[in-house]
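Worth knowing before you read on, the calculation uses all heavy atoms, side chains too, and leaves out hydrogens, waters and symmetry mates. Small disclaimer: the values here were computed from a predicted structure and weren't measured.
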Protein chains: 2
Amino acid sequence: MARKAGSHAEITGPKVREEALRLFAQYGYAAVSMRQIAKHVGLQAGALYTYTPDKQALLFDLMRDHMQKVLSGLEDLPEGGPVEQLEWMVRYHISYNLSHKDGVFINYMELRNLSEENHLEISRLRGVYEDAVEAILIAGQERGLFQIPDTRLATMAVIAMLNGVNTWYRESGRLSLERVEQIHWNMVRRAVTGS
Amino acid sequence: MARKAGSHAEITGPKVREEALRLFAQYGYAAVSMRQIAKHVGLQAGALYTYTPDKQALLFDLMRDHMQKVLSGLEDLPEGGPVEQLEWMVRYHISYNLSHKDGVFINYMELRNLSEENHLEISRLRGVYEDAVEAILIAGQERGLFQIPDTRLATMAVIAMLNGVNTWYRESGRLSLERVEQIHWNMVRRAVTGS
DNA sequence: GTCTATAGTACGATAGAC
DNA sequence: GTCTATCGTACTATAGAC
């Protein structure tokens with residue numbers, strides 16, 4: 001297909017999202033201007049509006065895409081007992097988050113910059129993830145494998161602990177990813193089973 | 001002392017800080033304007049500069065004050081064994097954070113909006129807190145009370161888990177503060193001792 | 001699809017009156 | 001200590017040319 005010089009929709013669209021994600025994660029949604037995003041993509045600011053109706057929609061799309069990818073990864077949850085499933089969840093959560101730091105970060109930090117409608121949808125998706133974790137804890141509790149006084153609180157505590165990894169882990173650091181996963185699994189296992 | 005009408009330094013100064021803290025926590029530093037702060041205090045924007053050299057200094061002062069209060073609370077750490085000290089830390093962390101939500105929140109969210117120099121100082125203060133927690137874990141490890149493969153990782157994991165409470169706890173909710181503290185202490189104890 | 005140009009608004013910070 | 005007024009700059013978003 002013949003195409004005008006400077007027309008690169010298939011490349012430019014993803015690049016806009018990529019740069020926006022990076023810049024939002026680094027400086028925060030409110031602190032990043034459309035001009036700044038455009039500059040990093042190699043466009044004038046006005047041209048961004050070919051790819052997003054406005055700045056808010058750009059943020060929302062990035063956050064929703066992140067959550068949808070996180071949730072679709074849950075389809076690989078292995079069959080088996082709650083203990084095996086919980087270990088898989090711990091490792092999946094840590095490794096997915098570490099390989100998608102920017103997405104994780106904006107989903108944490110930018111909730112308050114969403115419109116009310118968009119906020120509701122992202123919170124809903126987050127709830128689906130929390131429910132998936134809690135379902136494992138409930139199953140283990142019912143079979144007497146776990147000793148958990150409150151499965152919802154335990155769910156939030158486990159997720160919070162695992163989220164913490166992203167704040168300090170460095171690939172060049174002292175501990176390998178496998179070791180970090182393993183130590184966290186040990187702590188989570190002991191926290192929910194007492195053994 | 002006679003005083004001009006509208007002169008209220010002793011009242012206005014704290015009120016500026018109070019409103020700034022509230023607004024920064026609610027909307028984010030970058031999204032809040034000096035005009036907005038002034039309006040909530042009952043001033044014109046220019047008058048704010050009687051109380052802070054600029055917006056950045058206002059943020060930094062709020063964050064530093066929060067960390068200094070958190071750290072000065074550590075002076076009440078009871079003498080005794082590592083297990084008793086760790087329980088105290090868990091309860092202190094949860095209850096202090098829940099009673100100073102806005103301060104906790106901006107110290108989490110606004111690090112990236114600090115100048116490099118200010119960022120260094122806040123990170124240093126945070127490090128002092130982390131070191132205090134780790135010292136307890138190290139003491140327990142040395143006495144054979146804890147079984148922790150890596151005390152630094154365990155420190156970060158415990159702090160992350162406890163920080164999570166602020167994201168979901170509501171006073172009007174299902175669980176009392178005491179119960180939340182107690183359940184978390186149980187999980188932390190089991191995570192570090194395996195019993 | 002991207003550009004230039006711009007409308008309309010808001011920002012942080014300062015100057016000088018009172 | 002607070003006000004009014006304002007400087008200089010930056011913002012989101014749109015219009016119209018190519």
Original post:
Within a strict 4.5 Å, meaning less than it, do heavy atoms of the A:H100 and A:V70 side chains meet?
Top reply: no
**OP:** Would you classify A:V32 as touching base, sugar-phosphate or nothing, given that sugar-phosphate means primed atoms plus P, OP1 and OP2, and contacts are heavy atoms under 4.0 Å?
**Re:** sugar-phosphate
Original post:
Contact class for A:S33 (heavy atom, under 4.0 Å): base, sugar-phosphate, or nothing?
Top reply: sugar-phosphate
Subject >> Out of C:dG1, C:dA13, D:dT2, whichever nucleotide has its closest atom nearest the side chain of A:T50 >> reply: C:dG1
Original post:
Which nucleotide sits closest to the side chain of B:L43: D:dT2, C:dC3, C:dG12?
Top reply: D:dT2
Compare side-chain N and O positions of [X] against OP1 and OP2 of [N] and report whether any pair is under 4.0 Å apart.
X     : N     : result
A:T12 : C:dG1 : no
B:Q44 : D:dT4 : yes
B:Y51 : D:dT2 : yes

How close or far is atom [atom2] of [N] from atom [atom1] of [X], stated in whole angstroms?
X     : N      : atom1 : atom2 : result
A:K55 : D:dA10 : NZ    : P     : 15 Å
B:Q36 : C:dG12 : CD    : C1'   : 14 Å
B:R35 : D:dT6  : CZ    : P     : 13 Å
B:L58 : C:dG12 : CG    : P     : 11 Å
B:I37 : C:dA10 : CD1   : P     : 17 Å
A:M34 : C:dT6  : CE    : P     : 21 Å
A:L48 : C:dT2  : CG    : C1'   : 11 Å
B:Y49 : D:dC7  : OH    : C1'   : 13 Å

**OP:** Verify the ring-centre separation between A:H66 and A:Y108: is it less than 6.0 angstrom?
**Re:** no
**OP:** Look at the aromatic rings of B:H184 and B:W168 and report parallel, tilted or perpendicular, splitting at 30° and 60°.
**Re:** parallel
**OP:** Count the heavy atoms of every other residue, nucleotide or ligand shown that sit under 6.0 Å from NZ of B:K39, and state whether that count exceeds 12.
**Re:** no
**OP:** Applying side-chain contact (heavy atoms from CB on, under 4.5 Å), run through A:L86 and A:W185 and close with a yes or a no.
**Re:** CA-CA 8 Å; A:L86 187 57; A:W185 165 234; 3.7 Å; yes
